[in-house]
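As structure tokens, the structure follows; a few thoughts come after it.
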4 protein chains.
Amino acid sequence: MHRPLKQPRMTREEKARDTYMRILEAAAQVVGDDGYADASVSKITRLAGVAQGTFYNYFESRQHVFDKLLPYMGRQMLDHIRASVAAELTGADREEARLRAFFAYLAQHPAFYRILYEAEIFAPRAHAEHFRLLADGYKGALGRAVERGEIQGYSEPELEAVIYMLLAARAYLSMRYVHDGKGGGALPDHVIDAYVKLVTRGLFTPPGGPGGGGG
Amino acid sequence: MHRPLKQPRMTREEKARDTYMRILEAAAQVVGDDGYADASVSKITRLAGVAQGTFYNYFESRQHVFDKLLPYMGRQMLDHIRASVAAELTGADREEARLRAFFAYLAQHPAFYRILYEAEIFAPRAHAEHFRLLADGYKGALGRAVERGEIQGYSEPELEAVIYMLLAARAYLSMRYVHDGKGGGALPDHVIDAYVKLVTRGLFTPPGGPGGGGG
Amino acid sequence: MHRPLKQPRMTREEKARDTYMRILEAAAQVVGDDGYADASVSKITRLAGVAQGTFYNYFESRQHVFDKLLPYMGRQMLDHIRASVAAELTGADREEARLRAFFAYLAQHPAFYRILYEAEIFAPRAHAEHFRLLADGYKGALGRAVERGEIQGYSEPELEAVIYMLLAARAYLSMRYVHDGKGGGALPDHVIDAYVKLVTRGLFTPPGGPGGGGG
Amino acid sequence: MHRPLKQPRMTREEKARDTYMRILEAAAQVVGDDGYADASVSKITRLAGVAQGTFYNYFESRQHVFDKLLPYMGRQMLDHIRASVAAELTGADREEARLRAFFAYLAQHPAFYRILYEAEIFAPRAHAEHFRLLADGYKGALGRAVERGEIQGYSEPELEAVIYMLLAARAYLSMRYVHDGKGGGALPDHVIDAYVKLVTRGLFTPPGGPGGGGG
DNA sequence: AATGAATGAGAGTTCATTCAT
DNA sequence: TATGAATGAACTCTCATTCAT
């Protein structure tokens, strides 16, 4: 029944960290629900359970939380994808796994859709940075595929363009098939098939080389 | 007995039409420059050279102009693409021509970028309708390619998914290579090459069939 | 089948008169439905079937129609009451007849309620004038009752106060029992009884004098 | 170790209460002077000495202050009347005292006239509630008069109608003799006499019963 | 006399931000 | 550090009125 010896539940620093995170998470949820445009400071602080003024002890301005949102959730998403994709997968199989992992993350974190795609408008710096990060990761992966001979006939700058097209595909497929709402959050199989087919044929060379035993 | 050819420069009706267009064009420019979120009625009317109240003689609300913007410019863009793409082009060549025409339009109408891509957030109805329109046009084109045997191995719903990926590619390539600003509005050739390569290999079957004489 | 010799259906003057009346009646209806505060010029002209500008050919301002409304309908109402009350009625019977006639008019012209009672706020000049008119008519009637010995013990200025109380009773009874809406427009009998009883006892002396054979 | 009796002049809560009251009183005065229709938020806040935005920290909307005005001043008025009318007064004497107290309150609070009578239009809910309150208080009083035998020959629903007529009398007498402005706020004696006479004869039975020793 | 487009003042309301407590 | 009241600029929208046609 007595109080445990442990110090006050949180040190001052921990408490500050906690408040920061509460505000950030609240912002994520509000933006996810209402979009950046309607994510007022008052909604965010109300949800976070702090006073409006407190907000400005942790963020310089409303825009500043917005700028933190995508980096914060984007890292989560990348971690999720990385953890989901088996290390030994290569080529188109790896692509498929990444796509599935992305949509799985989206299904678990519905707020992420708006945080990500509205960021181009409301947090353009963060958005650009996020895409650079994604693209860089991708570049490494495709670079290794090139080295393994899985990909042929694309120059390095061309590969960058391809990467943006793949990221684009993700975005629009989630917009069209998930966010619009009938699918209940899951991507239909034929859509995954189409993606895999396009990428396999378009990017990855079948083992025997192009024109080999493809099909 | 005959009336002079023109009494007033414009009839009342023409003048009304002119005012409507002035407001609409002003709205397009303001949205192009500042985005929907910062496109206030006062900015629009100032640019159009009319009083704020006049705005509401022509549009029920700020949202209502927003809803007209994409249909208005989208039709322009489609007309431009249709006019630019030679009728006899087929297959990947046609795809390339379409891509180039799109980017040419974008270079001539820089406002269109934001009007189009921010519409998902600020004029979702118009945005959805616009994409349905594009996708339908595309479906017809790809359907004919299927009939000609240029495309093989894709079911109809898969083709729909492919269409959304191609539209996605356009969007992200314009975001990355044009809108971000260094290219001065033109898409670098290697990007077009990458697009064409991906689509050619991924979608279009070389004359002799897959695995034929491709390369 | 041929046009009758009669001049154009209406002379210019008649047509103007007609337009004037159309606007006035439209104003009456709009004020009756929405109240003075929400009776915009555009609503009125739309209902009247004329252009907004036409309004100002007939009335100097919005306030000016408002000022015409109560005189116009008030006269109608007085005519109705005068026509409804049998000439030979006297004393409390006459009062009852007047009350019933007033409520009958109200039931037939629902717009009149608001036109009359909101006028104190929105057309105070007309309102005061209307009540002066009513009071003057009343004064004559009560003066004759005094001469007949039906009323005793009230000085002339006291009678004026009584008149205002009687008019007040009308107003509040219509507010409470008719306008609030359950009665379907008719005044319940017990309310009329209460009115008649109060007035009979309070104002009119029974034939044998006060304290005579009353009951 | 002890705290000085007062640190800040007002605690935060007191200050908030003060601001609320300042706005409410300012609204009362503006409505009293200009009527509800012309009582703009900007006039109210200017008079209250706060920023326009502050208004919306205390009231959801302009309409919401309007809805508070009559309850606030109505309670004041009732308290005043209750305090002014000697407990031992009964019958018509009590009525006279009430009438005098009402007009005394009106003379001290000129704003109350418009707040009360325009409320039927601009704050109908509050108006209805106010009258229900008044009528209920009256019902109790008249009910006791009936029990004491002071009132005879009126059924209960008839008494309700009478109550509305008495309230109506108040309203119109104040409109005619006070608000119109010549009397300087006081009701002429002959008007009070007329009211008392009408009510005495009409409602209250003289000690010996109707037809007794009256006169 | 009739039209209806144009005007612009002014309304109510929102909200990011500040700051005294 | 946390609070929440106060601020005021900026917004969208309404509408009586004017006036060229």
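Quick caveat: nothing in here was measured; it's all calculated off a predicted structure. When reading the values below, keep in mind they use all heavy atoms of this one structure, side chains included, and skip hydrogens, waters and symmetry mates.
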d([atom1], [X]; [atom2], [N]) in whole Å:
X	N	atom1	atom2	value
B/E14	E/dA6	CD	P	14 Å
D/Y58	E/dG12	OH	C1'	20 Å
B/K15	F/dC19	NZ	P	14 Å
C/R22	E/dA1	CZ	C1'	13 Å
D/R46	E/dG10	CZ	P	11 Å
A/I44	F/dA2	CD1	C1'	18 Å
C/H64	F/dT17	NE2	C1'	14 Å
B/D18	E/dA6	CG	P	9 Å

Q) Quick one: are D/Y36 and D/I121 in side-chain contact, heavy atoms under 4.5 Å? A)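 No, their side chains stay 4.5 Å or more apart.
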Q. Is the closest side-chain heavy-atom distance between C/R62 and C/I44 below 4.5 Å?
A.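 A side-chain contact under 4.5 Å is absent here.
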Q | Between CD on residue C/E120 and CG on residue C/L70, distance to nearest 0.5 Å | A |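 C/E120 CD to C/L70 CG: 11.5 Å, rounded to 0.5 Å.
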Q | Value rounded to 0.5 Å, distance of NZ in D/K68 from CD1 in D/I23 | A |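 Between atom NZ of D/K68 and atom CD1 of D/I23 there are 13.5 Å.
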Q. What is the ring orientation for A/F59 with A/Y20, classed by angle as parallel under 30°, tilted 30 to 60°, or perpendicular over 60°?
A.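 A/F59 and A/Y20: parallel rings.
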Q) Quick one: is D/S42 getting a side-chain N or O under 4.0 Å of the E/dG12 phosphate, OP1 or OP2? A)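 Negative; the distance criterion is not met.
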Q.
If you count heavy atoms of other groups shown closer than 6.0 angstrom to NZ of A/K43, is the number above 12?
A.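 Yes - once you tally the heavy atoms of other residues, nucleotides and ligands closer than 6.0 Å, there are more than 12.
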Is [N] paired to anything, Watson-Crick or G-U wobble with both distances less than 3.5 Å, and if yes, which nucleotide?
N	value
E/dA9	F/dT14
F/dA9	E/dT14
E/dA20	F/dT3
E/dA1	none

Q. With ring centroids as reference points, do D/F122 and D/F66 lie under 6.0 angstrom apart?
A.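 No, they do not, as the ring centres are separated by 6.0 Å or more.
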Q. Touch check for A/F59, heavy atoms < 4.0 angstrom, all strands: base, sugar-phosphate only, or nothing?
A.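 Nothing, no nucleic acid heavy atom in range.
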Q) What nucleic acid atoms does D/Y20 come within less than 4.0 Å of, heavy atoms only: base, sugar-phosphate, or nothing? A)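 Here D/Y20 touches no strand at all.
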**Q.** Under 3.5 Å donor-acceptor pair, B/R12 side-chain atoms to E/dT3 base atoms
**A.**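 Pair found.
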Distances under 3.5 Å between nitrogen or oxygen atoms of protein and nucleotides 13-15 of chain F:
from	atom 1	to	atom 2	distance (Å)
F/dC13	OP2	B/Y56	OH	3.0
F/dC13	OP2	B/R62	N	2.8

